[in-house]
Amino acid sequence: MALVVQKYGGTSVGSTERIAAVAEKVMATRSQGHDVIVVVSAMSGETNRLVALANSIADPPNAREFDVLLATGEQVTISLLSMALEARGCRARSYTGAQVHILTDNVHTKARILEIDDQRIRADLAQGRVVVVAGFQGIDAEGNITTLGRGGSDTTAVALAAALNGSECQIYTDVDGVYTTDPRVVPDARRLDKMCFEEMLEMASLGSKVLQIRSVEFASKYNVPLRVLSSFIEGPGTLIAPEDETMEQALISGIAFNRDEAKLTRVGVEDKPGIAAHILGHIADANIEVDMIVQNVGADGTTDFTFTVHRNDYQNAFSILENHVKALGSGEVRGDEHIVKISLVGVGMRSHAGIASTMFKALADEGINIQMISTSEIKISVVVHEKYLELGVRTLHAAFGLEQAA
Ligand code: ADP
Ligand code: ASP
Ligand code: MG
């Protein structure tokens with residue numbers, strides 16, 4: 001008998017009818033002879049509602065209390081689902097993250113899972129129960145409630161699958177798999193049957209919010225096969241597993257985009273050793289993560305230094321650079337919050353030249369100006385004005401022939 005971990009996202013548990021439907025799906029898996037651990041998110045919209053409540057009472061809200069509040073969303077769904085299962089004659093028990101000792105570090109709102117104590121869960125499974133665990137939450141070494149960052153229920157599910165040696169971690173959501181790009185932006189995007197961890201990691205880290213990036217990191221590290229499926233319609237979904245020869249060797253497997261970035265430029269810095277370290281040192285001291293970095297070669301002994309950060313960190317980073325300018329008594333800071341990053345991802349890129357030029361030409365033909373470029377072995381990213389997001393993604397999707405066969 002195999003152990004299966006199933007995770008149901010917000011829309012999949014968005015009403016009591018949906019929760020009842022999830023109970024039926026869980027029971028169908030049980031009746032195939034599997035042990036089942038279910039991880040659920042808060043009902044759709046609930047986490048956003050809680051965030052808004054907190055922000056309306058304090059700015060910024062105390063981080064510890066923010067986590068106490070946010071963790072309540074998932075507690076509602078674990079109990080409702082367990083009630084639905086029990087009412088149907090299926091023995092079940094719900095647990096919060098703390099009750100099953102999902103131990104995390106103490107970084108409130110983006111904690112990382114360190115350890116899971118599997119004893120209680122194993123005992124319940126051995127007694128024939130379905131175990132329902134609240135996603136997105138844990139507890140730190142001092143007993144404080146923590147949360148894992150938005151989308152964190154995916155990571156709870158994979159961490160449980162890894163800790164308990166699950167045969168597969170199934171992520172049930174409102175799309176029937178991972179697509180070549182977000183089907184909300186490109187309606188004729190194509191569902192992928194299989195992807196390797198590396199591709200999904202790139203897609204997630206470049207902005208595809210279908211899976212939280214930490215969950216893919218965990219799955220890859222502990223070799224847990226992940227499957228993304230719809231809780232609304234039947235189908236095979238998308239299997240995400242180690243790279244193997246049966247995988248489609250597509251040149252480009254997908255297009256990811258990120259609307260959450262902003263760009264900053266420190267204009268007119270001296271072109272000499274130590275400048276980049278100096279500017280980014282101040283940014284790092286403020287705990288701001290930097291994504292893309294570009295430094296131009298200046299003709300007059302000065303240069304422009306440009307980088308991107310999360311939009312939430314934009315104002316803070318801008319002030320840091322302004323202070324830097326004031327301290328030096330020269331130069332200037334420019335910023336732009338209206339940018340997006342569009343990325344092509346594919347392991348096939350490793351062995352093919354010419355992808356970048358095809359990408360740049362397709363964007364140029366639509367009059368889309370590229371502001372920044374960055375590449376790695378299996379991805380190419382460009383920064384463009386946010387008004388070009390949809391046009392850019394659709395153009396590239398067509399240029400690389402990613403659409404469904406007619
Ligand atoms: P859940 O609440 O179930 O966790 P999410 O909203 O987090 O669901 O993730 C599912 C959504 O991810 C889809 O509705 C879709 O709009 C979006 N998405 C973004 N990129 C992709 C992609 N490449 N393939 C499929 N879905 C994607
Ligand atoms: N409820 C949390 C969120 O909305 C966690 C999750 O759904 O994965 O981000
Ligand atoms: Mg999600």
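Counting starts at 1 for both ligands and their atoms, following the listed order.
- The cationic group of R184 does not satisfy the cation-pi geometry with Y179, failing either the under 6.0 Å distance to the six-membered ring centre or the 45° limit from the ring axis.
- R122 CZ: more than 12 foreign heavy atoms inside a 6.0 Å radius.
- Inspection of the Y388 and N369 side chains reveals no N or O donor paired with an N or O acceptor under 3.5 Å.
- The structure places CG of L103 at 9.5 Å from NE2 of H101, a figure rounded to the nearest 0.5 Å.
- The shortest distance between side-chain heavy atoms of S153 and Y8 does not fall below 4.5 Å.
- In terms of protein heavy atoms, atom 4 (O) of ligand 2 is closest to R150 NH2, 2.9 Å.
- Taking each heavy atom of I116 and A163 in turn, the nearest pair found is CB-CB, 4.2 Å.
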Practice task
Could you walk me through whether T155 and Q212 pass the side-chain hydrogen bond (donor to acceptor under 3.5 Å, both in side chains) test, one step at a time?
Solution key: CA-CA 7 Å; T155 303; Q212 197 195 36; 2.4 Å; yes
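- In this structure, K7 is part of the shell of residues with a heavy atom less than 4.0 angstrom from ligand 1.
- Few gaps surround CD on E217; more than 12 heavy atoms of other groups in view lie less than 6.0 Å from it.
- For ligand 2, one of its N or O atoms has an N or O atom of G151 under 3.5 Å away.
- Atom 13 (C) of ligand 1 has D174 OD1, 3.5 Å as its closest protein atom, hydrogens excluded (heavy atom only).
- Between the side chains of N106 and R64, not a single donor N or O lies within less than 3.5 Å of an accepting N or O.
- Between the choices R184, R150, M195, the shortest heavy-atom distance to atom 14 (O) of ligand 1 belongs to R184.
- Between T180 and ligand 1, no N or O atom pair is found at a separation short of 3.5 Å.
- Taking 4.0 Å as the cut-off, P183 counts as a neighbour of ligand 1 on heavy-atom distance.
- In this structure, the protein non-hydrogen atom closest to atom 2 (O) of ligand 1 is G10 N, 3.3 Å.
- When F136, F257, Y179 are checked for heavy-atom proximity to atom 24 (N) of ligand 1, Y179 turns out nearest.
- Ranking protein heavy atoms by distance to atom 7 (O) of ligand 2, first place goes to S41 OG, 2.9 Å.
- Using a 4.0 Å heavy-atom cutoff, G177 is listed among the residues neighbouring ligand 1.
- Residue-level proximity to ligand 2 for E46 is absent, since no heavy atom of it falls below 4.0 angstrom.
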Problem - Derivation of the salt bridge (charged side-chain N to carboxylate O under 4.0 Å, His left out) call for K110 and E289 - result: CA-CA 14 Å; K110 44 185 171 198; E289 249 179 73; over 6 Å; no
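- Counting only heavy atoms of the protein, atom 1 (P) of ligand 1 lies nearest to T173 OG1, 3.5 Å.
- The atoms of ligand 1 that sit less than 4.0 Å from any heavy atom of G9 are 1 (P), 2 (O), 3 (O).
- In terms of protein heavy-atom proximity, atom 7 (O) of ligand 1 is closest to K209 O, 3.5 Å.
- Looking only at protein heavy atoms, the nearest one to atom 27 (C) of ligand 1 is V210 CB, 3.6 Å.
- The protein non-hydrogen atom at the shortest distance from atom 21 (C) of ligand 1 is D182 CA, 3.7 Å.
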Exercise for the section: Go through the steps to decide whether T147 and T109 satisfy the test side-chain hydrogen bond (donor to acceptor under 3.5 Å, both in side chains), and finish with yes or no. Expected result: CA-CA 5 Å; T147 63; T109 76; 5.7 Å; no
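- In terms of polar-atom proximity, T47 is counted as a contact of ligand 2, with an N or O under 3.5 Å from an N or O of the ligand.
- Taking any N or O of E74, backbone or side chain, at least one lies under 3.5 Å from an N or O belonging to ligand 2.
- Between the side chains of Q170 and K7, no donor-acceptor pair is found at a separation under 3.5 Å.
- Counting only heavy atoms, the protein gets under 4.0 Å from atom 16 (O) of ligand 1.
- Residue G152 places a heavy atom under 4.0 Å from ligand 2.
- Judged by distance alone, the side chains of T308 and E261 do bring a donor and an acceptor atom under 3.5 Å apart.
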